[in-house]
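Structure first, commentary second.
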Number of protein chains: 2
Amino acid sequence: MEPDPSSNVDVRASSRRVAFLLSQVGGLAASKFAERVSDLGVTPSDVGLLRVIATTPGLSQRGLADALGVGPSRVVALVDGLEDRGLVERTRSETDRRNHELRLTDAGRSVMTAMRTVGAAHERDLLAALTDEERIFLGEILAKVAEANQLLPDVHPGFHRTTKR
Amino acid sequence: MEPDPSSNVDVRASSRRVAFLLSQVGGLAASKFAERVSDLGVTPSDVGLLRVIATTPGLSQRGLADALGVGPSRVVALVDGLEDRGLVERTRSETDRRNHELRLTDAGRSVMTAMRTVGAAHERDLLAALTDEERIFLGEILAKVAEANQLLPDVHPGFHRTTKR
DNA sequence: TATTGTTATACTCTATAACTATA
DNA sequence: TATAGTTATAGAGTATAACAATA
């Protein structure tokens, strides 16, 4: 692309395309993951919801929306889909009848279990070219970048579109 | 999320979330880049087109579509936008009047130049928490993963949506 | 009056297929 | 007949705002 005028490898030159590579490989990881979980009948967005609901059963839709940083109407649509497929159940709260308490069904928990298997296979294949040490180091470096940029541990930025594509 | 039953750190446990981290940080890189280039009046998709056109002036729209792995009609829409903003020009080919030859205008080249500055700032900020060594190593590891997964050097997977989100 | 969830609506992005003009 | 580009159209995904029930 940009023809590099000097053939010397210096720090700035060799670190120039890292952000692009990160975005490119990250996009690949996302799309391959999407392919895999589609076999389970869920989208990555669904997976994100399932995970939050699994960790905080009884959560309200508003709470879920806040946790993910999306609008309430989107949560309605996504939970509708999960409920239709029998993975999540909504029950009116006894204490505040405005709330829907969200919980995984047995089928929902099965999907979560299957997802862990799928996720492990995904990671194994995606990073097959790396040594164990490289995988570990990659994880540590990425965690550092994620933390420095205030990413929440389990929220994927794909949830809130900041700008256009 | 998954409560780890053993407190020991073994290879499998610590490398389990790397694919997610990759997708998460990659998504962040993509969205922050989108924010930055929007100041230049272009989207990441626009940038992808501009780069290919810059490296192969005179390319046809069909050639561009093939290079990016997208349909011809999408190229029409994107080139329309770039032409309206005066960044790209279409000229009918002399030898085969079906073809449109694509070239950057002076304004287009200015945007490319500005983009390199923006890209460098983007990378600097995104990876500010890393040492020089870590940045270099990250780049090498990512390049290895990209190559093993047959990613084309300059094509972002965001161009061809493989499955749903 | 404020809040939860819902619906209605509009807008963007993308893909597919029909069409035209050249070959 | 085949190919390059275009247009038309439809389908996702997402966001905003209006609305109903409950507090």
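Quick note on labels: first sequence line is chain A, next is B, and so on, each numbered from 1.
Rounded to whole Å, the distance from CG on D80(B) to C1' on dG5(D) is 10 Å. For the pair N99(A) CG and dA21(D) C1', the interatomic distance rounds to 12 Å; values are reported in whole Å. At whole-Å resolution of the value, CG in L64(B) and P in dT6(D) are 12 Å apart. Rounded to whole Å, the distance from CG on D66(A) to C1' on dG5(C) is 13 Å. Across the protein-nucleic acid pair, L78(B) atom CG and dT12(C) atom C1' stand 12 Å apart, rounded to whole Å. Whole-Å rounding puts the L68(A) CG to dA15(D) P distance at 12 Å. Whole-Å rounding puts the L49(A) CG to dT14(D) P distance at 11 Å. The distance between atom CD of E83(A) and atom C1' of dT6(C), rounded to the nearest whole Å, is 13 Å.
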Response to the item:
Protein-proximity profile, nucleotides 16-23 of chain C, B/S/- by nucleotide at the 4.0 Å heavy-atom cutoff, equals BB----BS
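Contact between the side-chain N/O atoms of R90(B) and the OP1/OP2 oxygens of dT6(D) is found at a separation under 4.0 Å.
Each of V70(A) and G63(B) has a nearest nucleotide on DNA chain D; the 5'-most of these lies closest to G63(B).
Of the inter-residue distances, the one linking R62(A) atom CZ with N99(A) atom CG reads 10.5 Å to the nearest 0.5 angstrom.
Remark: R90(B) engages Q61(B), D80(B), E83(B) in a side chain to side chain donor-acceptor pair (under 3.5 Å) (not counting sequence neighbours).
Listed by first and then second residue, the ring-ring contact (aromatic ring centres under 6.0 Å, His included) pairs that reach into residues 44-101 of chain A come to none, sequence neighbours excluded.
Closest to the S45(B) side chain, of the nucleotides dT14(C), dG5(D), dG5(C), is dT14(C). Relative to the side chain of Q61(B), the nucleotides dT6(D), dT14(C), dT6(C) differ in distance, and dT6(D) lies closest.
Using the six-membered ring where Trp is involved, F137(B) and F137(A) have ring planes that are tilted, between 30° and 60° apart.
Contact check for L49(A) versus L64(A): side-chain heavy atoms found under the 4.5 Å cut-off. In this structure, the side chains of S45(B) and R74(B) come closer than 4.5 Å at one or more pairs of heavy atoms.
A donor and an acceptor atom, one from each side chain of S93(B) and D96(B), are nowhere located under 3.5 Å apart.
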